[in-house]
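Remember, predicted model here, so these are calculated numbers, not experimental data.
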Amino acid sequence: MTQPLSAETKAIVKSTALAIQQHGLAITTRMYERLFVDPDIKALFDQAAQTSGEQPRRLAAAILAFAQNVDKLEARAPAIAKIAHRHVETGIRPEHYPAVANALLPAIRDVLGDAASDKVLTAWGEAYWFLADVLIGEEAALYEKAA
Ligand code: HEM
């Protein structure tokens, strides 16, 4: 079961969301540089791009947008369901989630430098995993249904 985020974590994420979104493109670009060092992870996106013709760029944008709305995820249920379906189509599994966390959080530090303090990154890490747990749960139900 997903642990609720503390009030402090939510406050830090919300107060830094705008700065992080303003640098969204730079953070996203850096995140993919870090993520695609792993050829197995890169292959997941190459396959997806062939089937949908879409850029995976939306992934990071969505993480940033969702983190900003971290205390009203219920309102985002349709968007979350859509992502979960796309993830199941592209074979995303729980074990892939750490790779995105390990690429996104250092990318925020790379771009924002000292403005991204350890406290800020810890809060964003918690928000990422909160969202990841929701997605992993929805995806598990979809995989089970398909089996
Ligand atoms: C909290 C974590 C994550 C969020 C918020 C997220 C968000 C998204 C969004 C918004 C899309 C586009 C959905 C659509 O077609 O409408 C997407 C697609 C995708 N995501 Fe995720 N994602 C997350 C984690 C991951 C992870 C861990 C992986 C694998 C390493 C991954 C791989 C993909 C792939 C391959 C696609 C398909 C791209 C395409 O359609 O070309 N995502 N994700």
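Considering every non-hydrogen atom in both Pro106 and Ala101, the closest pair reads CD-O, 3.8 Å.
No option in Leu135, Ile83, Leu44 other than Leu44 meets the side-chain contact (heavy atoms from CB on, under 4.5 Å) test with Ile92. Each of Arg86, His87, His85 was compared with Glu139 under the side chain to side chain donor-acceptor pair (under 3.5 Å) criterion, and only His87 meets it.
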Which pairs of donor and acceptor atoms, one on a side chain in residues 19-26, lie under 3.5 Å apart (sequence neighbours left out)?
from  : atom 1 : to    : atom 2 : distance (Å)
Gln21 : NE2    : Gln68 : OE1    : 3.4

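Two residues are said to be in side-chain contact when any heavy atoms from C-beta on lie closer than 4.5 Å; Glu126 and Glu8 fail this criterion. Using a 4.5 Å cut-off on side-chain heavy atoms (C-beta onward), Ile136 and Glu95 make no contact. Contact annotation: the side chain of Phe130 never approaches that of Thr9 to less than 4.5 Å [non-hydrogen atoms, C-beta and beyond]. Between Val100 and Leu35, some side-chain heavy-atom pair lies under the 4.5 Å cut-off.
When atom types are taken as modelled, the side chain of Arg34 and the backbone of Asn102 share no donor-acceptor pair closer than 3.5 angstrom. One N or O on the side chain of His96 and one on the backbone of Arg93 form a donor-acceptor pair closer than 3.5 Å.
The aromatic rings of Trp129 and Tyr97 sit tilted relative to each other, their planes meeting at an angle between 30° and 60°.
Note on Met31: it clusters hydrophobically with Ile41, by side-chain heavy-atom contacts below 4.5 Å among ILVMFWY residues.
For the atom pair Ile12 CD1 and Thr122 OG1, the distance stands at 8.0 Å (nearest 0.5 Å). To the nearest 0.5 Å, atom CZ of residue Arg109 and atom CG of residue Leu121 are 4.5 Å apart.
For NZ of Lys10, the number of neighbouring non-hydrogen atoms (other residues, nucleotides, ligands) closer than 6.0 Å is greater than 12.
Not a single side-chain hydrogen bond (donor to acceptor under 3.5 Å, both in side chains) links Tyr128 to another residue, sequence neighbours left out.
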